[in-house]
Structures are given as structure tokens and as C-alpha cells.
2 protein chains.
Amino acid sequence: MFLGCPPVAAPIRVGDKWTAKIIRCLESAPRRFTELQATLRGITPKVLTESLRSMERDGLLTRTAYDEIPPRVDYRLTELGRSLIEPMNAGCEWSRRHLAELMRARDSWYESTSGIPGRSGVESI
Amino acid sequence: MFLGCPPVAAPIRVGDKWTAKIIRCLESAPRRFTELQATLRGITPKVLTESLRSMERDGLLTRTAYDEIPPRVDYRLTELGRSLIEPMNAGCEWSRRHLAELMRARDSWYESTSGIPGRSGVESI
DNA sequence: CCGAATCCCACTCGATACTG
DNA sequence: CAGTATCGAGTGGGATTCGG
């Protein structure tokens, strides 16, 4: 039925917990590991490393290690990574316009069913 | 640092495995449970039910049960759900333009590192 | 400073079988 | 037809500790 419809890698790639935030964090300038960790409050080094490696693998950012003591590494967006900002902004714009309505729907659902909280949270980036 | 930046519910909501596909499936007309199940090849009744309930809870679609025998239920997008198509299309457009580049980066990463496959697959909708 | 190693939990998703 | 019940695998993410 949807044969020929395009793949939709972007929401999947960006829909995880940290990728979008990392891109926002690198939008204006390259950052060092510790800067990212400080900005992304709550991320552990392991998860930050995994996320950065995964994004590097997909060509969204580059990792540059300087041979100094103490060691220094910085991460910067590639053009490919930067190009994701546009669809991300489309998602943000949707949230700006419609998130309140979604939250209202969710609240009235819980009122009427006394249900337990479900999936799909809301994150700020 | 990013205080005041808008929440980004859309990629999170749509970034799961089935939500985007369900929206595409309901884009042109309401569908019954079995129609959805047939179109979304591979989804199990349990997961389809969970997804639909979760989307109903968030006001993305409505569920209508008709008191007939055999039972009949249909699902249709709300205006809120329909409004998600626009940012979804932005993600699709990004994939159309850049997915090949991402896959190339991923391939050359594996060539150079003999690494094991990582996260973030690619889905067609 | 920038991670790697290890352990662990929660949660999503799927397979299978059953029902009003 | 439209689900529900149960079980289980896989994975993303987190806590903690250790190393170059």
C-alpha cells in the first residue's frame, strides 16, 4: 500500500532521548565532551559516548582528538548533521502549536478512565 | 542554556515503531482494526491495540465502536493527528534528500572499523 | 579529561493462545 | 471482528567503578 513511500529515518534517528539535544548543543559551535555533559544535564558518560559514536558513525558529526596533555576532544556538526535542524524545527513548531492540546487530551483521558500513565513523554531541547 | 527552547514532543511521539505508519494509514480514510493490521504487515493485535490506545489518549485519533454483530470499530484521525502529517513530511523529505549520504557514512564506518551494527534503523512508511 | 567496563532495570515490541 | 492474556527477547538508558 505504501510501496514507494519514502523511508523516514529522520524521526527515528532524532526521536531517541539525546540526539536532538546534542544537535542543538552543537548548533552554534563545536563543543568538548565535558561541555556537552554539563549542558545535557543528567546524561551519563557512557550514554553520551554511545550517542556521539552513533552519530559519528552516521556522519552527523565529527570527532577530533588533539594530542595534548590533558587530552582534548571536540565534536562538531557535519553539514549532514546540520541539515537535520530543519526537520527538527518542523517538529518543534508543531509542539509549539499543538502540545497544549495534546496535553489537554491526555489529562481528560486520565480523568475519564483513571488510567495509568502511558508512553511518549515530552522533552525540551 | 536551552531554557526557553520549545519542547519537541513530535519526534518523540512519532519516532516509535508504529505511530507514523498508523497516521499514514489513516490519512485518506478511517480504517477498521483489521484493515490496519493487514496494512501494517507484521504488527500483532496486542501492539496495534496499545498503539491505538496511546494515540487515542493523546487525541491523535478517535475510536468509534458500532453496536453490531459482528462488532465493528473504526479509527479516524483527529485534526490534531492530521496536523502531525506536516512535520512527518519534513522528516520524509530529509530522508529523501540525505538518507543515501547517511548510509554511505555508515558503510564506510563499518569498512574502516569492522564494527558491529549499531542503533537507529531505517523504516519505510 | 575522556572515556571503557560492568551490572542492571524498565520498557518496547513480538509470539502465541484464547474470548465476547 | 476486535480485541485480551501471558510470556519472553532485545534494547536503550542509567549507576558505578576503573583506566590512559
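Convention: sequence-line order gives letters A, B, ...; per-chain numbering from 1. For clarity, every value in this text was computed on a predicted model and none was experimentally measured. Just the heavy atoms: all of them, side chains too, but no hydrogens, waters or symmetry mates, feed the values below.
- Proximity of B:T44 to the phosphate of C:dA15: no side-chain N or O atom is located under 4.0 Å from OP1 or OP2.
- Atom pair B:E50:CD and D:dA2:P shows a separation of 18 Å (rounding to whole Å applied).
- In terms of phosphate contacts, B:R32 brings a side-chain nitrogen or oxygen within less than 4.0 Å of OP1 or OP2 of D:dA2.
- Taking side-chain N and O atoms only, B:R53 has a distance below 4.0 Å to OP1 or OP2 of D:dT4.
- Only one option out of A:D58, A:L80, A:T78 pairs with B:E101 in a side chain to side chain contact (heavy atoms under 4.5 Å, CB included); it is A:L80.
- Applying the 4.0 Å criterion to OP1 and OP2 of D:dT17, one finds that A:K46 has every side-chain N and O outside that range.
- Side-chain atoms of A:S95 and B:R13 form no donor-acceptor pair, as typed in the model, at a separation below 3.5 Å.
- A salt bridge links B:E123 with B:K21: at least one charged nitrogen is closer than 4.0 Å to a carboxylate oxygen.
- For the residue pair B:R57/A:Y110, the side-chain donor-acceptor check at 3.5 Å is satisfied.
- Of the candidate nucleotides D:dG13, D:dA2, C:dT16, D:dA2 has the atom lying nearest to any side-chain atom of B:F33.
- Distances shown here put every side-chain N or O of B:R63 at or beyond 4.0 Å from the OP1 or OP2 atom of D:dA2.
- Here C:dC1 presents its C1' atom at 12 Å from CD of A:E35, a figure rounded to the nearest Å.
- Within 4.0 Å of B:Y66, counting heavy atoms only, lies no atom of the nucleic acid at all.
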